[in-house]
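Numbering of ligands and ligand atoms starts at 1, following listing order. In this chain, residues are counted from 1 in sequence order.
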Amino acid sequence: MFITRIFSARISNLVFLNFILIDSKRNDANLVSREMAIQKKKKVAAAAVAAPEDPKKAVKRPVEASAPTPKKKKKVVVKNGGDVSAKKKKVVKKVKKVTEEEEEPVEKEVSKLQLLDDDDEEGLDGLDFTQQEGSDDDDLRDDYSDDDDDDLPIEKKSAALDKKKEKILKEGEEELQLNIANQATFELPSVEEIENEMKSVPNLEIIKQRIADVIQVLGDFKNRRDPAKSRTQYVEVLKKDLCSQYGYNDYLMGKFMDLFPNGAELLEFLEANDNPRPVTIRANSLKVKRRDLAKNLINRGMNVDPAAEWTKVGLVVYDSQVPVGATPEYLAGHYMIQGLNSLLPVMALAPQPGDRVLDMCSAPGGKTSHIAALMKNSGTLFANDASFDRCRAIIGNLHRLGVNNAVVCNLGGEEFSKIKPNGFDRILLDAPCSGTGVIWKDQSVKTSKDSQDVQRRHTVQRQLILSALDSLDANSPNGGYLVYSTCSVLVEENEAVVNFLLERRHCELVPTGLAIGVDGYTRFRDYRFHPSLSMTKRYYPHVHNIDGFYVAKIKKLSNAKMSKQAVLEMEKEKASAKSQKKKQAAEEAEDSEEESGDEEKAQNGKANGKAEAGKKKNKKKGGDDSDDDEDVETAPMKNIGSGARANKKRRNQKKAAAKQAAVKEDDGFNTVGNVKRAKKPTQFKSKVPKRAAARTGAKSVKNRRKKMLAKQQP
Ligand SMILES: C[S@@+](CC[C@H](N)C(=O)[O-])C[C@H]1O[C@@H](n2cnc3c(N)ncnc32)[C@H](O)[C@@H]1O
C-alpha cells in the first residue's frame, strides 16, 4: 500500500512536471499580444503561488492548483522523521481531505453560478475529462506529502521543479522585453511576400507573431504605423495571416473582420470557433421535471448542473461515464441533446396550449419537441421539412419524446402561403443558413462559403420568410407571431432578411423577451436597416459560450399581402373615399331637406292663411330675425320625434332665411322668385315707320349717287 502510494505520488509529480513544461511551451506559443503575454505570465505565477488556497480554481485547474507549496512542508517532515508535530500535521491533512470531499457540492454550486463566466467557459469548453482526472492527482500528491519519508530523488525533483518555474518566469519576462523591442522595428511585409511565404510550409509561429504585431499597429495606427504603408495594406496582411493561421478562405475572413473590427475580439471569436461548446441537454417537460432528471443522471454517473439562469429546462453535462445519447433516460425521451442556443427561438415564440403552430424547417425536431412541450401536447403543431430523409429524424424524435399533437409534413416552406394562407397563430422559421455560427461543429464551413453561396441562402431565406408571414393569421386572438432564427452570424442572412420582410409586408418587430443577447444591427457598413432591428438578438460563441445565433420576433399586422406603406396608402384612400361619400350623402340630405322645408313652408303658408301672409308682409316691411326664429319654432318639423332631425331642419331653415335676407339686400331682387327687370336705357325713337324710313333712305342714297355720277361725267 505504502509503496503503491509512493509510486503513484511519483507519477503525479511527473504529471505535474509535464504540465509545467507543456504550459511553458503553450506560453511561448500563445504570445498573441503583449498584454496577453503579460497576463499569462501573471497567471502562471499566481497559480503557482496562490492557487492552492482557492478552492474554485482547485476544481477548475486541479494541476495548476496543486502547486509546490506543500512540498516545502514535506521537506520538513522528512527531515524531522517521527516528529510529533509532523504527525499532527498528518492528521490535520487527512481531516482537510475529508472536508474537501464533503465540500464538493458547494464547489458545484460555485461553478453553477460561474457558468457564463469566461474562466469557467474555458474549463467547460474542452469538456476535457482528463482535467477532472487531474483532481485525483491532487489527492495523490496529498497522500505522498503525508507518507513520504526519505525519498531524496523526489526532493531533488521538487527543487528542480521550483527552479524550472523560476526559469520559465524569467524567460517569459525576457521574451516580453524582446517583443516590445521587436515592435519598434516591426516591418510589414507585402501581400506578395506573404503569398510566396505560403507556397512553402508556413511558419505558424512567425505568422502568429505578425498577427499580434499588426493588430497592435492597427490599434494605435497613428503612432505605430510605417508611414509608407496604408491601413488597407496592414489589413490585407492581417487577413492573409489570419486565413493561414485559422484555415479560412478570404471571403469568410473578410466577413468576420467586418463583424469584429476590434482585433482582440476577432481573435477571441476565431479561437472560439475552434473549440467545442459545452454539452447541454433539454429536460422534456412532457415526461420529467429537470430536477428529477438531474438526480437520475447523477445516479448514472453523469456530472450535470442547471445550464443557465435564463432556462428552466437546460442542463449542462460536465462529464459522463456513459454516452449522453444512449442512457435509459435518453431512450425513454426524458431529454433531448440540444445546444442552449436552440432554446432561445422557442422561448421567443412562446407557443400557448391550443395554438395552431408551424415549425417550417423542423428537422431533426429539437425545437419542434420543445414547442410541443410548451403547448402541453395540445393544439396542432405542423413539423415541416423539405428533406424527406430528415423528416424521418423528426418522426423518431417526436415519438421518443412523447409528442402527440404534431403533423409531420415534407414540403418546401414556400408552399405554405398557398396551402394554408393566414392559417397559423405562430410560426417558427429556423431557416437553412451558412452555419457560420457553428463552425466548431463543421470546420468545412471555413473554406466552403463564398459570396455566391451566401447570396443563394439569402434568396431562399427571403422566400421562406415571406411565405411564413403570409401563412400567419394577423387576426389570431393571441398570436400572429413569427420567429425567424439562424445559426449564422452574417448580416446578410439575418438583419437584411428581416428588413426585407418589413419592407414587403405589413408587420413589425417586437421584443424577443430573451434575457441575453447583443442587439441586432440597425446599420452595418453599406446597409441601413429599420431602427426596430435593434430589437432582434445576436449571440456569439466567444461572448455567450453558445453557438453563434440570431433571433427576431415579428408581429403580423394585417392579412393583406402587401407592404406596410402600400397598406397604409390603401387605408388612407379608403378612408378618404368613405368620408367623401359621407359628405356627399349629407349634402344630398341637406338639399332634400331644404326642398321639403320649402314645400312644408308653402303648405304652412296655405294652412296659416292670412295671418301667415300678414307676418310675411310685416317681415317685408322690416321684421327682424326673431320673427324668423319664431317661424322656425312654429314650423311643423318641430314636432318630429327625433331631436337631431328637428335641429337639422331648424338649421336648414335658418340657412334658407339667411339666403333670403341676402337676396333682399341684392338690388336685382325684391321678393323671392320675382325678378325685378332693370329699366332699359331710353333709346331714340323715330316717328317715321321703320320700313318707310328705310325706303326713303334708300331713295335718297340713290338720288345722291345719281347726282354724283352725273357730276363726274364729262
Ligand atoms: C437549421 S435546420 C433546422 C433545424 C431545426 N429547426 C431544429 O431545431 O432541429 C434547417 C432545415 O431546413 C430544411 N430546409 C432547407 N430548405 C428548406 C425549404 N425550402 N423549406 C423547408 N425546409 C427547408 C433543411 O432540410 C434543414 O433541416
S.K.: Which residue supplies the protein heavy atom nearest to atom 8 (O) of ligand 1, what is that atom called, and how far is it?
M.R.: Lys367 NZ, 2.8 Å
S.K.: Of the protein's non-hydrogen atoms, which lies at the shortest distance from atom 12 (O) of ligand 1, and what is that distance?
M.R.: Cys361 CB, 3.2 Å
S.K.: Considering only heavy atoms, does Glu414 approach ligand 1 within less than 4.0 Å through its side chain, its backbone, both, or neither?
M.R.: side chain
S.K.: Give me the nearest non-hydrogen protein atom to atom 4 (C) of ligand 1 as residue plus atom name, then the distance to 0.1 Å.
M.R.: Ala363 O, 3.0 Å
S.K.: Say whether Gly412, considering both its backbone and side-chain N or O atoms, lies within less than 3.5 Å of an N or O atom on ligand 1.
M.R.: no
S.K.: Please check if the distance between the ring centroids of Tyr335 and Tyr330 is under 6.0 Å.
M.R.: yes
S.K.: Could you tell me if Ser534 and Thr522 have a donor-acceptor pair between their side chains, going purely by distance under 3.5 Å?
M.R.: no
S.K.: Please state which part of Arg390 comes within less than 4.0 Å of ligand 1, counting heavy atoms only: side chain, backbone, both or neither.
M.R.: side chain
S.K.: Hey, is CZ on Arg528 packed in by over 12 heavy atoms from elsewhere, all under 6.0 Å?
M.R.: yes
S.K.: Hey, which of Lys556, Lys555, Arg356 is the one that makes salt bridge (Lys or Arg N to Asp or Glu O under 4.0 Å) with Asp425?
M.R.: Arg356
S.K.: What residue and heavy atom of the protein are closest to atom 16 (N) of ligand 1, and at what distance?
M.R.: Pro432 CG, 3.6 Å
S.K.: Against heavy atoms of Ser387, which atoms of ligand 1 measure under 4.0 Å?
M.R.: 25 (O)
S.K.: Evaluate Val460 for polar contact with ligand 1, using N/O atom pairs at a separation under 3.5 Å.
M.R.: no
S.K.: Heavy-atom distance to atom 23 (C) of ligand 1: which of Ala431, Gly339, Ala386, Gly365 wins?
M.R.: Ala386
S.K.: In Å and rounded to the nearest 0.5 Å, what is the NZ to OG distance from Lys312 to Ser285?
M.R.: 11.5 Å
S.K.: Is it the case that Asp519 and Thr536 place a side-chain donor and acceptor less than 3.5 Å from each other?
M.R.: no
S.K.: Within a distance under 4.0 Å of any heavy atom of Gly366, pick out the atoms of ligand 1 and give their elements.
M.R.: 9 (O)
S.K.: In plain terms, say whether Asp547 and Lys441 are close enough for a salt bridge, that is, a side-chain N and a carboxylate O under 4.0 Å apart.
M.R.: yes
S.K.: To check your reading of the model: name the closest protein heavy atom to atom 11 (C) of ligand 1, its residue, and the distance in Å.
M.R.: Asp385 OD2, 3.5 Å
S.K.: How about Ser471 and Asn422: do any of their side-chain heavy atoms sit closer than 4.5 Å?
M.R.: no
S.K.: Give a yes/no verdict on whether any heavy atom in Pro364 is under 4.0 Å from an atom of ligand 1.
M.R.: yes
S.K.: Applying a 4.0 Å heavy-atom criterion (strictly less than), which segment of Cys487 is in contact with ligand 1: side chain, backbone, both, or neither?
M.R.: neither
S.K.: Would Asn384 count as a polar contact of ligand 1, with the cut-off being nitrogen or oxygen pairs under 3.5 Å?
M.R.: no
S.K.: Are Glu493 and Ser434 linked by a side-chain donor-acceptor pair shorter than 3.5 Å?
M.R.: yes
S.K.: Looking only at protein heavy atoms, identify the closest one to atom 20 (N) of ligand 1 and say how far it is in Å.
M.R.: Gly413 N, 2.8 Å
S.K.: Can you say whether the rings of Phe269 and Tyr540 are parallel (under 30°), tilted (30 to 60°) or perpendicular (over 60°)?
M.R.: perpendicular
